[in-house]
Amino acid sequence: MKGDLFKTTETRLILLYSGLLILFLALFSAVVSLIIYLVFLNIQEREIGALAKEEAKFISESMIRGQTMPWEKSQDLIIAGGDQFFYYVVNPNGEVIAGDEAIESSRQDLLTAIQEWSPKENNTFKAISLRVTYPAWGDMLVRTEKIRLMMTGTPLSYRGQILGTLYIGKNISFVYDLFRWLNFVLAGLVALFTVVAFFVSRYMSKRAMVPVERAFKRQQEFVGDASHELRTPLSVMLTSINALEMNDTVKEDPFSRKMLATMKNEVKRMTKLVGDLLTLARTDSGTMEKQVEAVNLREMADKVVQTLRPLAVEKQIQLKLTAPEHLFIQGDRARLEQLLIILLDNAIKYTTTGGEAELSLGLKHQRLEIKVRDNGIGIAEEDMTRIFDRFYRADKARSRQSGGHGLGLSIAKWIVELHQGTISVESELGQGTTFIVNIPKGDVA
Ligand code: ADP
């Protein structure tokens, strides 16, 4: 149980640490990638902006000098190609009066893109993607490719006179190619660092758990030692009280008798608590050994019922035992007896005067079934999952009154688990409770 707790905490820490590291890495790569993307686009915008300005000046001057620019001649003016993919000059009436492009077949698409776009101000840019088709292998093949263009529109004017607009576009596919590669490399790095992050987190979690485990162990040892040390003075006290009770002067004094009875009760309660604490401390530290032998459970149940009968009689509770004549299982005798006592004692404790409590034993598919049923106060739905927790008591006042500390069921659960079994509870408030234990019978005749 303790091991499980440390393991789950360690796993949670690993997940938390590596999750955070991976998240940080992913965020970091995303930011780096975004920054590079924006910087590259910005550089492209600046370049194309400068180019457009230069070309606009040149074209405006040519237009003023009266040079017409039929399509055929425009190449003389600006040779589109290379990085600059196209240029078009549009007059104020919206007619294209000159232009050129690197791949002729894309003219229509480009003109459509320009017409659909009306740049509101100077220095506006638009990135478009275009599917272009061009001959390859000496006209033997036709290749189609998707390219990315950055375009801008610049007004053509001369001394305040509007001559038209110049549109130019630059092929910026390489930026996207570069960006794709960059993302690929970053994703690879994130994957690599994810593995590193996992191992680093594992190492860090293990280190973080060391002091916790050490402190837990020390605390366990303390509880174990303290309970062990307390047992001797408690038994001395009990013996002394017993001796005092037999003293004639005390016998005759009702006050002293009452006081001694109270003391005895409290010492017994404390002895039980100390015993339970010692058991739990030993189970935690794994120093409790299981001594397996063939146990006649019927015989044991008889004995337990005998032991608890006085308590039942005191509360006028009918105590029943239903079990086959002989019932052997492989188990730890002392622990199994403790289990029966805990469950039956609870059944009596939490049943009102005049009620009934029943212990039944039986075999079901090679498994021992122990049922402890009572028609007592029952357990509320919300308490049902917690009653097996240490020191959990549904009704603290009542439990204390009847000498409970809330450790019984956690010990019972541990004993059941020690025998690879299960324990469950069915209960209805005010109606009664049934605890059902299931344990493999083991290899007995
Ligand atoms: P305690 O020493 O208080 O009896 P346990 O661990 O044995 O501690 O039980 C935990 C709590 O479960 C009890 O305080 C009680 O509220 C509830 N409980 C256990 N057995 C029964 C039962 N048979 N009927 C009703 N409540 C029960």
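Keep in mind it's a predicted model, so treat the numbers as computed, not measured. Every number for a ligand or one of its atoms is a count from 1 in the order of the listing.
Between Lys251 and Glu245, no side-chain nitrogen of the basic residue sits less than 4.0 Å from a carboxylate oxygen of the acidic one, so the salt-bridge criterion is not met. Under the 4.0 Å criterion applied to side-chain N and carboxylate O atoms, Glu221 and Arg218 are not assigned as salt-bridge partners.
Atoms of ligand 1 lying under 4.0 Å from at least one heavy atom of Lys349, given by number and element, are 1 (P), 2 (O), 4 (O). When each atom of ligand 1 is checked for a heavy atom of Gly406 under 4.0 Å away, the hits are 1 (P), 2 (O), 3 (O), 6 (O), 8 (O). Close contacts of ligand 1 with Leu407, meaning ligand atoms under 4.0 Å from a residue heavy atom, involve 6 (O), 8 (O). Near Leu409, with a cut-off below 4.0 Å to any heavy atom, the atoms of ligand 1 are 5 (P), 6 (O), 7 (O), 9 (O), 10 (C), 12 (O), 19 (C). Of all the atoms in ligand 1, the ones that sit under 4.0 Å from a non-hydrogen atom of Ala394 are 14 (O), 16 (O). Residue Ile379 approaches ligand 1 through these ligand atoms, each under 4.0 Å from one of its heavy atoms: 25 (C), 26 (N), 27 (C).
In His405, the part holding a heavy atom less than 4.0 Å from any atom of ligand 1 is the backbone.
For atom 10 (C) of ligand 1, the choice among Phe391, Phe388, Tyr392, Tyr350 with the nearest heavy atom turns out to be Tyr392.
Checked against side-chain hydrogen bond (donor to acceptor under 3.5 Å, both in side chains), Asp253 has the following partners two or more places apart in sequence or in another chain: Ser256.
Contact analysis puts Gly378 in contact with ligand 1, with a non-hydrogen atom separation below 4.0 angstrom.
Defined by atom type and a distance below 3.5 Å, a donor-acceptor pair is missing between the side-chain atoms of Asn438 and Lys364.
Of the possible polar contacts, none joining the Ser360 side chain to the Thr322 backbone as a donor-acceptor pair under 3.5 Å is found. Judged by distance alone, with hydrogens and angles left aside, the side-chain atoms of Asp332 form a donor-acceptor pair with the main-chain N or O of Gln291 at under 3.5 Å. Without hydrogens or angle criteria, Asn375 side chain to Glu356 main chain gives a donor-acceptor distance under 3.5 Å.
The N/O atoms of Asp374, backbone and side chain alike, include one that comes under 3.5 Å of an N/O atom in ligand 1. Checked against a 3.5 angstrom limit, the closest N/O atoms of Phe435 and ligand 1 fall outside it.
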Show the atom names and distances, to 0.1 Å, of all donor-acceptor pairs under 3.5 Å that link a side chain in residues 14-40 to residues at least two apart or in another chain.
unit_1	atom_1	unit_2	atom_2	d
Ser18	OG	Ile14	O	2.5
Ser29	OG	Leu25	O	2.6
Ser33	OG	Asn183	OD1	2.9
Tyr37	OH	Tyr176	OH	3.3

